[in-house]
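Counting convention: from 1, in listed order, for ligands and their atoms alike. Just so you know, these numbers use all the heavy atoms, side chains as well, and skip hydrogens, waters and symmetry mates. Just so it is clear, the model here is predicted, and its values are computed rather than measured.
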Amino acid sequence: MSDLEARLQQLETQTQSAISQISNSAELETTRVAFFGKKSDLTQILRGMGGVPAEDRPRIGQLVNEVKARLESAFDARKTEILSAQLDQKLAGETIDVTLPAPDIHFGRRHPLTQTLDDIVRIFSNLGFSVVEGPEVENVYYNFDALNIGPDHPARYERDTLYVSDDVVLRTETSSVQIRVLENRQPPVKIIAPGRVYRREAVDRTHGAMFQQVEGLCVAEGVTFGDLKGTISTFLAQLFEAAPGSGGVQTRFRPHFFPFTEPSAEFDVLFNGKWLELGGCGMVHPKVLENVGVDPEKYTGFAFGFGIERLAMIKFGIDDLRLFYENDLRFLEQF
Ligand code: DAH
């Protein structure tokens, strides 16, 4: 074996071991330059081939080429290993854990009273009622006189009513809207009037100094108490989502007195085994019709009014109406 062959063999062993120890891309580069670059031993040997005796040249030339090819393919294999290990490491670092809980997305929601009112409007719209509104600061005439509430009726006393002046009050009931509507329209009239009302009440679980009512009014020829009962029963069944025909929601009517209706009744719903009062109703008093220029011989009508908070309390199982107005997110986010 010539010196050159011995040198090549040694170079191959040395280079193979250097390649096998490469552990990162920086070392890849230094190894490439050291063993394959212009100044490397291998390049020197190739350049020196001219000095090899002619009879040895083919053999040694072939050997050099074989050594070079083996080293290059060992280097390429190591390079591939290192690059793919690097890629694996990078991918592992970027892994997304799809089982992690998603960040909490906060959606706004409708207030339970708004939800209840939206239901009320939807159900009555389907029954042919349109929605009207009236002023919260109201003349005594609309709040009392025209509704046949006499000058000595206790509801007028200051302990119940918030007076703005002698003739002006914060309305104590949405019934005032009945008068405003009938003043401007001839029957047939079929409206509901939702809105805020105000009373000098001590605030507790079931009473507020401000609360919301929905008034209903239907005046036409031949309207009867049966129409009133059917309307209210249908409404309550739909609001509390009793399946039709299931006998679900039970309602009852009790005789009562209101100055603006005759006969009058209060209606209750059976809730958790107890009768709960929801509101008042009756056939519009002939005097009220006369007050607005509607002929009571020709037309009859029914009216009703109930508290929206009460309906929402039953619908959502809430036992304190003050919660509706405290804007506590822990409460509001439950609906
Ligand atoms: N306005 C009555 C109240 O606030 C409720 C009411 C009773 C309204 C009978 C009516 C009615 O329209 O006919 O207590």
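Close to ligand 1: Q213, with a non-hydrogen atom less than 4.0 angstrom away. At least one heavy atom of S175 sits under 4.0 Å from some atom of ligand 1.
The side-chain tip of R180 points at the ring of Y142 from less than 6.0 angstrom away and within 45° of straight on.
A donor and an acceptor atom, one from each side chain of Y198 and E138, are nowhere located under 3.5 Å apart. For the residue pair Q62/E66, the side-chain donor-acceptor check at 3.5 Å is satisfied. Side-chain N/O atoms of D167 and S165 include no donor and acceptor closer than 3.5 Å.
Residue contact check: Q178 has heavy atoms under 4.0 Å from atoms 12 (O) of ligand 1. Set against the non-hydrogen atoms of T261, the atoms of ligand 1 under 4.0 Å away are 13 (O). Heavy-atom proximity to F258, at under 4.0 Å, picks out these atoms of ligand 1: 7 (C), 9 (C). Every atom of ligand 1 with a heavy atom of G282 under 4.0 Å away is listed here by number and element: 13 (O). Atom numbering of ligand 1 starts at 1 in the shown order; those under 4.0 Å from a heavy atom of E173 are 1 (N), 2 (C), 3 (C), 4 (O).
In terms of protein heavy-atom proximity, atom 10 (C) of ligand 1 is closest to E215 OE2, 3.4 Å. In this structure, atom 5 (C) of ligand 1 lies nearest to the protein heavy atom G305 O, 4.0 Å. The protein heavy atom nearest to atom 14 (O) of ligand 1 is R199 NH2, 4.0 Å.
A distance below 6.0 Å separates the ring centres of F306 and F235. Between F124 and F304, the distance from one ring center to the other falls under 6.0 angstrom.
Counting heavy atoms closer than 4.0 Å to ligand 1, residue C281 contributes backbone atoms (N, CA, C, O) but none from C-beta onward. If you look at F260 next to ligand 1, the close heavy atoms, those under 4.0 Å, all belong to the side chain. Counting heavy atoms under 4.0 Å from ligand 1, residue H285 does not touch it at all.
Side chain of R205 to main chain of D319: a donor-acceptor pair is present (N/O by atom type, distance under 3.5 Å, no hydrogens or angles). Looking at E215, its side chain does come within 3.5 Å of a backbone N or O of S175 through a donor-acceptor pair.
A salt bridge is defined here as a Lys NZ or Arg NE, NH1 or NH2 lying under 4.0 Å from an Asp or Glu carboxylate O, and R59 with D56 meets this definition.
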